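Reviewing the structure listed below.
Bear in mind the structure is a predicted one, so any value in this text is a computation, not a measurement. Numbers restart at 1 for each chain; the letters A, B, ... are given by sequence-line order, proteins then strands.
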Protein chains: 2
Amino acid sequence: MPTINDVARAAGVSPSTVSYVLSGRRPISAQTRERVQAAIAELGFHPHAGARALASSRTNVLALVVPLRADVSVPVIMQFATAVVTASRTHNHDVLLLTKDEGTAGLERVAHSTMVDALIVMDVERDDVRIQALRNLKQPSVLIGLPEDPAGIVCVDLDFEAAAAEALRHLAGHGHRRIALVGPSPAVYKRGTTYAERFLTGFTTTSAELGLETMTHPCEPDRAGVRACLADIDAQLPGVTALVVHNEEALRLVLEEVQASGRRVPADISVVAVCPRDVALNMPLPLTSVDIPAHDVGGLAVETAMKLLDGRPTEPVRLLPPTLVQRESTAPIAG
Amino acid sequence: MPTINDVARAAGVSPSTVSYVLSGRRPISAQTRERVQAAIAELGFHPHAGARALASSRTNVLALVVPLRADVSVPVIMQFATAVVTASRTHNHDVLLLTKDEGTAGLERVAHSTMVDALIVMDVERDDVRIQALRNLKQPSVLIGLPEDPAGIVCVDLDFEAAAAEALRHLAGHGHRRIALVGPSPAVYKRGTTYAERFLTGFTTTSAELGLETMTHPCEPDRAGVRACLADIDAQLPGVTALVVHNEEALRLVLEEVQASGRRVPADISVVAVCPRDVALNMPLPLTSVDIPAHDVGGLAVETAMKLLDGRPTEPVRLLPPTLVQRESTAPIAG
DNA sequence: TGGTGTCGTCGAAGCGCTTCGACGATCGGG
DNA sequence: CCCGATCGTCGAAGCGCTTCGACGACACCA
């Protein structure tokens, strides 16, 4: 492995000049620059990451903390992760993958040992203990999600309140008045993942605003849970004409069970899903959905981290506006 | 951030002694060791990863290359990834996440810049161009999968040939003679992901050995594809009594379409799936399955990487024996 | 034409750690 | 009782890079 000294010698310049060619932090004549670049190419020189980190206190690595066996759906996690990795690469950064189960210790380990420049944390809970830990680190961090008290930490996420409003407005626009929310499993609420609550809030608020008759119901993502949920809905909101499903795991089962009950989507009952685009498209019927733009959120998280690292100004909380795409699972109310 | 010098001063020893306490590479008296450890704890000292890497040429980081929009199913990728991360942690290593789409360049980048000690590469294809690149790196690598010519690179994977044999033996043991394989999509074969071929080989070989009447058919994982596939099977192998499904995406649809054709599982037709345990369990009916032990394979990959780093001997190719678990989708042949 | 800048480059001083050789002290064996 | 190991510790030399200050060489404005 050639070092910067080898390059310098080959190019007939000093090592610092090579460094400046690489970093562009000082002006270098075109001539010299070319000689140096030629030498770099010829020798196949790659700066040693450790040495660079030591000298510059910059690692060009971001930590990404993902939930392990989360209630968060696996495809969504993967979408975030790949978005973060690809976005990081465009900023010349790499990604160190941590799992949530290492908890606070993992964050502190990589931060204290200066392995990363910044941290991106997924699946934050309402009173996540990790938040205080993050505040104490010298590296900045970006949360994907929105805890109770985000003071001092930048957050990005989909605007789930607006997402619920969007779903209801769409249905109301089609004449629906009796609408039920099939929510995440009780465990998700219990855990305090706030996106569930935020969606719920948006749902009830908008319902009131629009004067709809609605109800909400959590739902275990197995057949029994879905059946129970739908039964409750039919009992408490007879003649329901639309469902908003904010539960990816249960989505398919909801469709099956609705059909099993003799109702057709969308003729008898409309369904709006809240899920990533490709999930909505891969259902038996292409679903009208409010997209969970994991890719955008992941990219935004990285973008935000870069801003923080550059000392550029940043909004403390950035919630992406939702977009609803009408597909084949919603229709104007019959009759 | 305290440095090793601060610790040394606080403990009244030299920096090298602190280092030896940390690494255990030289004997240190119990007394000294305790003083040093106390100082470390009190100051909250964490060695600087870059400095350590520079001095020791060891980063304690593993690269993991995952497919981005693979034909490999997302849950399987996640299982591998989390297995690799957790296993790495038990060996005091972290994981740098790379995506396959960076190709050869990504591998070379992290290797040449000495960001990682070893590489673990998923989703290798028959003549994967990355393999030659890996051979030229100074860091060792472990493939998850089995290319055409694995010379010089260690591979770990499930023994897919044996998996097919296992599935057929199980069915034959239940009296089935006419058995069809519902394989991965044509794209998977085309791409040259060898697990598909290996399964196919095992299937046909064992079929011949056992004197079964079998056929094989690739399958697009959408409703149309599944229908076409099943239609072909019924046409070419009328009276088929068992299906082996090696296609996670299509699995659910296969079950639905079989049912739609008026046949019951397992009364009229038995089904053996090849998929991770939890996928088999999350179907409408718990499926008899040959497990894809992503967790074990991931762990083994890390274990193997550690062996290579320690210079311990290693088998060049390690194929894990499959295990079939009988659940409710297979039964002795009727009549 | 003499100052005042800017440009382009160099040298040297670290960044924080590991590791090698050295060295006094302690110990056991002949 | 002396010699050679072994133990426990230290000092110093790097690992490969960045960055700061310095310093000619010019250019430009007055």
Do the side chains of [Y] and [X] get nearer than 4.5 Å, heavy atoms only?
X: B/L98; Y: B/V66; answer: no
X: B/V121; Y: B/I153; answer: no
X: B/L96; Y: B/L62; answer: no
X: B/V188; Y: B/Y195; answer: yes

Item to check | Residue pair A/T193 / A/R191, side-chain donor-acceptor N/O under 3.5 Å | outcome: yes
Checklist outcome for this item: Its contact letters, B for base, S for sugar-phosphate only and - for none at protein heavy atoms under 4.0 Å, make nucleotides 8-16 of chain C read SBBBB-BBB
Check residues 299-310 of chain A and write down every donor-acceptor pair under 3.5 Å in which the side-chain atom is one partner and the other belongs to a residue at least two apart or another chain.
unit_1 : atom_1 : unit_2 : atom_2 : d
A/E303 : OE1    : A/H91  : NE2    : 3.4
A/E303 : OE2    : A/H91  : NE2    : 3.2
A/T304 : OG1    : A/L300 : O      : 2.6
A/D310 : OD2    : A/R312 : NE     : 3.4
A/D310 : OD2    : A/R312 : NH2    : 3.1

Checklist outcome for this item: the helix from C/dT1-D/dA30 to C/dG30-D/dC1: angle between terminal helix axes, five bp per end, to the nearest 10 degrees, reads 30°
Checklist entry - Should the heavy atoms of other residues, nucleotides or ligands under 6.0 Å from CZ of B/R109 be counted, would the total exceed 12? => result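 Counting other residues, nucleotides and ligands, CZ of B/R109 exceeds 12 neighbours.
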